[in-house]
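Step one of this worksheet: look at the structure below.
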Amino acid sequence: MPSDSALRIVWIYPDLLSTYGDQGNVLVLEQRAQRRGIKTETIHVRSADPVPENGDIYLIGGGEDRPQILAAERLRRDNGLHRAIAAGASMLAVCAGYQIMGTTFGGEEGQPVDGIGLIDISSSRGPARAVGELAAEVDAALDLPMLTGFENHMGVTQLGPGVKPLSRTIVGIGNGDGYEGCYTGHIVGTYLHGPALARNPAMADMLLSWRVGPLEALDDSRYEALRQERLTAVLPS
């Protein structure tokens, strides 16, 4: 991203996938960039609109079964997101949006529905709904502190070769195999709400750094105290 350009944040389909406060992820990225003097431009892409190819960070949130299926259908017809990622953009996909990024996910009756095939994962319906707080240790390669968030989903997600688990669950269900979320290249997928970036600002900074380079440190002592308080409440004693 040129130094004189605004960081372009693209919020995909807020009219379909924006439950559990996931739009907060957009606000957190805006705030943390602006606190460092980085100009931002946020584009809200409704489901009737094409996805722009010239964004820097793309975000997509969670939603119910029918909007998820509709979102997948429209994204399959629109290659803008694929071209943006191929050009080096970063992405955070949450819950239903996370599942859509893969090859298949479970529909309203559990039937397989085609995803957009952006990353090599597949999801299906699990035996029971995963609801509640989640805490997880992040893959050491990402150098992030423990994740905290809230999950509410029926999904079980399998990762293909070359896609790494984002974290190992300590509390909660996540992907259903002892791990939560995934990452590959500059794409992060997660079941975490809360919103995820408000509860895990270091992950927001990681997404920003992938586009703008090293970031100056911010005083996050207040947020860290709240994060630790949340973790203390849910971690096994």
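The structure presented is a predicted model; accordingly, all values stated were derived computationally and were not measured.
- Arg32 and Asp220 are joined by a salt bridge, as a carboxylate oxygen and a charged side-chain nitrogen come within less than 4.0 angstrom of each other.
- Ala72 approaches Ile116 most closely through the heavy-atom pair O-CG2, 4.0 Å.
- Closest of all the heavy-atom pairs between Ala96 and Gly63 is CB-N, 3.5 Å.
- Across every non-hydrogen atom of Cys182 and Ile121, the tightest pair is SG-CG2, 4.2 Å.
- Counting only residues at least two apart or on different chains, the ring pair (Phe, Tyr, Trp, His ring centres under 6.0 Å) pairs with a member in residues 120-167 are His153-Tyr191.
- In this structure a side-chain-to-backbone donor-acceptor pair under 3.5 Å is missing from Asn152 to Val131.
- The backbone N or O of Leu134 lies less than 3.5 Å from no partner atom in the side chain of Glu151, so there is not a single donor-acceptor pair.
- Between Gly88 and His186, the closest heavy-atom pair is O-ND1, 4.0 Å.
- Note: the hydrophobic cluster containing Tyr58 also contains Ile119 (ILVMFWY, side chain heavy atoms under 4.5 Å, direct or indirect links).
- Atom CD1 of Ile69 sits about 11.5 Å away from atom CG of Leu16, to the nearest 0.5 Å.
- In terms of heavy-atom proximity, Met101 sits nearest to Ala93 at CG-CB, 3.8 Å.
- Counting heavy atoms from C-beta outward, Asp205 and Arg36 have side chains that approach closer than 4.5 Å.
- Transitive grouping of hydrophobic side chains (ILVMFWY, heavy atoms separated by less than 4.5 Å) keeps Leu235 and Leu147 in distinct clusters.
- Between the side chain of Arg76 and the backbone N or O of Asp114, at least one donor-acceptor pair lies under 3.5 Å.
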Next item on the list: Go through the steps for Leu159 and Thr184 under the test side-chain contact (heavy atoms from CB on, under 4.5 Å), then give the verdict.
Entry: CA-CA 10 Å; Leu159 311 186; Thr184 179; over 6 Å; no
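- Not one N or O on the side chain of Arg227 forms a donor-acceptor pair closer than 3.5 Å with the backbone of Thr148.
- Note on Leu27: it does not cluster hydrophobically with Leu7, by side-chain heavy-atom contacts below 4.5 Å among ILVMFWY residues.
- Without hydrogens or angle criteria, Asp49 side chain to Val45 main chain gives no donor-acceptor distance under 3.5 Å.
- Residues Ile170 and Val138 are members of separate hydrophobic clusters, defined by side-chain heavy-atom contacts under 4.5 angstrom among Ile, Leu, Val, Met, Phe, Trp and Tyr.
- For Glu180 and Thr169, the side-chain atoms include no donor-acceptor pair closer than 3.5 Å.
- At a threshold of 4.5 Å between non-hydrogen side-chain atoms, the residues Tyr13 and Pro67 do not count as touching.
- Shortest non-hydrogen contact noted between Tyr223 and Gln31 is OH-NE2, 3.7 Å.
- More than 12 non-hydrogen atoms from other residues, nucleotides or ligands lie less than 6.0 angstrom from CD of Glu216.
- By the criterion of side-chain heavy atoms lying less than 4.5 angstrom apart, applied directly or through intervening Ile, Leu, Val, Met, Phe, Trp or Tyr residues, Ile187 is not grouped with Leu144; the two fall into different hydrophobic clusters.
- Screening Leu59, Leu207, Val188, Leu81 for a side chain to side chain contact (heavy atoms under 4.5 Å, CB included) with Met91, the sole residue that qualifies is Leu81.
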Item checked: Full working for side-chain contact (heavy atoms from CB on, under 4.5 Å) between Asp143 and Met206 -> CA-CA 9 Å; Asp143 192 27; Met206 179 180 73; over 6 Å; no
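- Sorted by first and then second residue, the side-chain hydrogen bond (donor to acceptor under 3.5 Å, both in side chains) pairs with a member in residues 64-75 read Ser47-Arg74, Asp65-Arg125, Arg66-Glu108, Gln68-Gln99; sequence neighbours excluded.
- Results of the side-chain hydrogen bond (donor to acceptor under 3.5 Å, both in side chains) test with Ser123 over Thr157, Thr103, Thr104 single out Thr157 as the only residue that passes.
- Heavy atoms from other residues, nucleotides or ligands lying under 6.0 Å from OH of Tyr183 number more than 12.
- Formation of a donor-acceptor pair under 3.5 Å by the His193 side chain with backbone atoms of Cys95 is not found in this model.
- Annotation for Arg46: atom CZ does not count as buried by contact number, only 12 or fewer foreign heavy atoms lying within 6.0 Å.
- A salt bridge is absent between Asp139 and Lys164; no separation between the charged side-chain nitrogens and carboxylate oxygens falls under 4.0 Å.
- Between the side chain of Asp177 and the main chain of Gln158, no donor-acceptor pair closer than 3.5 Å is present.
- Between the OG1 atom of Thr190 and the CG atom of Asn25 there is a distance of 9.5 Å, given to the nearest 0.5 Å.
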Checklist line | Worked verdict on Leu17 versus Ile100 for side-chain contact (heavy atoms from CB on, under 4.5 Å) | finding: CA-CA 11 Å; Leu17 301 174; Ile100 286 172; 3.8 Å; yes
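- The closest donor-acceptor contact from the side chain of Arg8 to the backbone of Asn54 lies under 3.5 Å.
- Taking CD from Gln23 and OG from Ser18, the interatomic distance works out to 5.0 Å, rounded to the nearest 0.5 Å.
- Between the side chains of Asn175 and Tyr98, at least one donor N or O lies within less than 3.5 Å of an accepting N or O.
- Between the CG atom of Leu29 and the OG1 atom of Thr40 there is a distance of 9.5 Å, given to the nearest 0.5 Å.
- Note: Leu118 CG to Leu75 CG = 9.5 Å, rounded to the nearest 0.5 Å.
- Here the straight-line distance linking atom CG of Asn200 with atom OG of Ser167 works out to 9.0 Å at 0.5 Å rounding.
- Put simply, the side chain of Asp78 gets close to the backbone of Gly80: a donor and an acceptor are under 3.5 Å apart.
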